Student: 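Quick one: the structure is below, and I'll ask about it shortly.
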Amino acid sequence: MDNTPDNIIEIRNVTKQFGSTKVLHDLSLDVKRGERLVMLGGSGAGKSTLLNLMAAETRPTSGTIKIDGTDICAMSDGQMDDYRKTMGVLFQSGALFNSLTLAENIALPLQEHTDLDQSTIDTIVTMKLNLVGLLAHADKYPSEISGGMKKRAGLGRALALDPKVIFYDEPSAGLDPVSVTEIDKLMVDLNETTGVTTVVITHEMTSAFRIATRLVLLDQGQFVADGSPDEMKQSDNPLVHQFVHGLLAGPLTDRKDTTAYHDALLKPGR
Ligand SMILES: Nc1ncnc2c1ncn2[C@@H]1O[C@H](COP(=O)(O)OP(=O)(O)OP(=O)(O)O)[C@@H](O)[C@H]1O
Ligand SMILES: [Mg+2]
């Protein structure tokens, strides 16, 4: 097992290329056990690509990714499939099966990936529905519930197999402000009560600071900042400052001025 048990995920010099396009450039990152890491970055920065790598959905072009001490890059496809079951992923859409009720959606991974009998599965489903506040809606179909409820149901399903890490890709996209706050609270509560390592991609700065114990900023396939919420808020790195405060002017909107951009990237500290 792992010699550095504090890190549940270790990414070293990872590059990901689609055809001739390099999306991630020589990235390294440690995700600490039990933390709530928020990944920030503009559209196309490579956030979902990195999340897919961490969730063992795909392999990097080069570099290594260790999860709990196991190098996923050295695994066979079958081992990757098994490994994926220990990760919970909440996709942007919630990705529920429309022909199944919420309870059936949550039961599915248990039926597919465990030998548990139906009554045990029913008990676990009840517990997970309760955890995400949907017990009263167990027999509804996805088309009968709101977007926020779909997100919660997707989370219930992601939790079905008691994952070591939960990945959330823009969990609050398209939700009203109250549902956003509810989802944020749920993510924090789940982390605090179960200790599950939590990795979240979000564009919502209010959410990011409500959720995170640590934030990283990805830009053009590279990390340009890594720090606590306070460090990020007070950062004088122009990239971080513009992103965190949502400013119209700054290096992110000034890509044509490559000199300014490279200066910003190379600026020491945050
Ligand atoms: N399977 C793929 N094949 C080819 N290109 C891809 C693939 N997946 C992602 N890309 C490209 O990689 C880049 C990064 O995409 P990614 O989805 O990781 O961005 P993102 O940071 O999640 O953006 P957003 O905030 O819009 O979701 C984009 O230019 C995208 O077109
Ligand atoms: Mg994305």
Side-chain angles (χ1 to χ4, degrees), residues 9 11-29 31 36-65 67 72-73 77 80-81 84 87-96 147 150-151 154-155 158 165-175 180 183-184 187 198-212 214-227 232 237 239-240 242-248 250-256 258 261 264-265:
I9 302 176
I11 299 172
R12 289 291 174 273
N13 307 106
V14 159
T15 293
K16 180 71 180 177
Q17 205 163 326
F18 295 107
S20 60
T21 313
K22 223 181 226 184
V23 172
L24 302 177
H25 303 262
D26 198 23
L27 285 186
S28 295
L29 176 76
V31 180
R36 294 192 300 274
L37 178 69
V38 167
M39 238 198 296
L40 304 171
S43 194
K47 304 179 299 296
S48 296
T49 303
L50 182 59
L51 188 138
N52 285 337
L53 287 173
M54 289 197 267
E57 298 284 339
T58 56
R59 294 167 197 270
T61 308
S62 62
T64 58
I65 300 178
I67 302 179
I72 62 167
C73 312
D77 287 349
M80 287 254 297
D81 288 344
R84 214 171 294 128
M87 305 279 128
V89 185
L90 182 64
F91 294 103
Q92 233 174 310
S93 58
L96 299 168
K150 278 184 203 160
K151 288 278 162 67
L155 180 52
V165 187
I166 311 184
F167 299 97
Y168 300 87
D169 196 347
E170 296 189 35
S172 46
L175 299 183
V180 172
I183 289 279
D184 291 349
M187 289 190 278
T198 300
V199 179
V200 186
I201 294 174
T202 182
H203 285 128
E204 309 272 339
M205 282 304 128
T206 315
S207 285
F209 285 105
R210 210 157 32 203
I211 300 162
R214 176 181 162 214
L215 301 103
V216 289
L217 175 62
L218 191 62
D219 186 55
Q220 297 191 330
Q222 290 181 313
F223 287 117
V224 293
D226 181 343
M232 294 297 260
N237 177 329
L239 277 168
V240 179
Q242 182 180 12
F243 199 89
V244 165
H245 299 283
L247 305 178
L248 283 175
L252 293 168
T253 38
D254 205 13
R255 293 287 192 212
K256 284 187 191 131
T258 51
Y261 176 58
L265 274 185

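Atoms within a ligand are numbered from 1 in the order they appear, just like the ligands themselves. Everything numeric in this text was worked out from a predicted model, so none of it was measured.
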Student: Would you say the side chain of Asp169 lies within less than 4.5 Å of the side chain of Leu90, judging by non-hydrogen atoms?
Tutor: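 The answer is no, as the side chains (C-beta and beyond) never meet within the 4.5 Å cut-off.
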Student: Look only at interatomic distance and state if Gly44 has a nitrogen or oxygen under 3.5 Å from any nitrogen or oxygen of ligand 1.
Tutor: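 Yes: some nitrogen or oxygen of Gly44 is under 3.5 Å from one in ligand 1.
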Student: Indicate yes or no: does an N/O atom of Ala45 lie under 3.5 Å from an N/O atom of ligand 1?
Tutor: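 Between Ala45 and ligand 1, an N or O pair is found under 3.5 Å apart.
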Student: Is the distance from the Mg ion (ligand 2) to some N, O or S atom of Thr49 under 2.8 Å?
Tutor: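 Of the N, O and S atoms in Thr49, none lies under 2.8 Å from the Mg ion (ligand 2), which means no.
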Student: So, for Leu24 and Gly46, which heavy atoms are closest and what is the spacing to 0.1 Å?
Tutor: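 Nearest heavy atoms, Leu24 then Gly46: CD2-O, 3.6 Å.
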Student: Numbering the atoms of ligand 1 from 1, which are under 4.0 Å from a heavy atom of Thr49?
Tutor: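 Listed by number with element: 9 (C), 14 (C), 15 (O), 16 (P), 18 (O).
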Student: For the side chain of Lys150 and the backbone of Ala95, is there at least one donor-acceptor N/O pair under 3.5 Å apart?
Tutor: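 Here the side-chain-to-backbone pair does not exist.
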Student: Is Glu170 close to Leu175 at the side-chain level, that is, under 4.5 Å between some pair of heavy atoms?
Tutor: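 Heavy-atom side-chain distance check fails, nothing below 4.5 Å.
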Student: For the 3.5 Å polar cut-off, considering only N or O atoms, please tell me whether Val23 and ligand 1 meet it.
Tutor: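 No; every N/O pair is 3.5 Å or more apart.
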Student: Heavy atoms only: which of Glu170, His203, Lys47, Met39 lies closest to atom 20 (P) of ligand 1?
Tutor: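 Comparing heavy atoms across Glu170, His203, Lys47, Met39, the nearest one to atom 20 (P) of ligand 1 lies in Lys47.
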Student: Quick check: do Phe167 and Asn52 have side-chain heavy atoms less than 4.5 Å from each other?
Tutor: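 When only atoms from C-beta onward are counted, Asn52 and Phe167 do not touch, as no gap falls below 4.5 Å.
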Student: Tell me, do Asp184 and Glu204 make a side-chain contact under 4.5 Å, heavy atoms counted?
Tutor: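 The answer is no, as the side chains (C-beta and beyond) never meet within the 4.5 Å cut-off.
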Student: Does Gly42 reach ligand 1, in the sense of a heavy atom lying below 4.0 Å from it?
Tutor: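 In this structure, Gly42 qualifies as a contact of ligand 1 - some heavy atom is under 4.0 Å.
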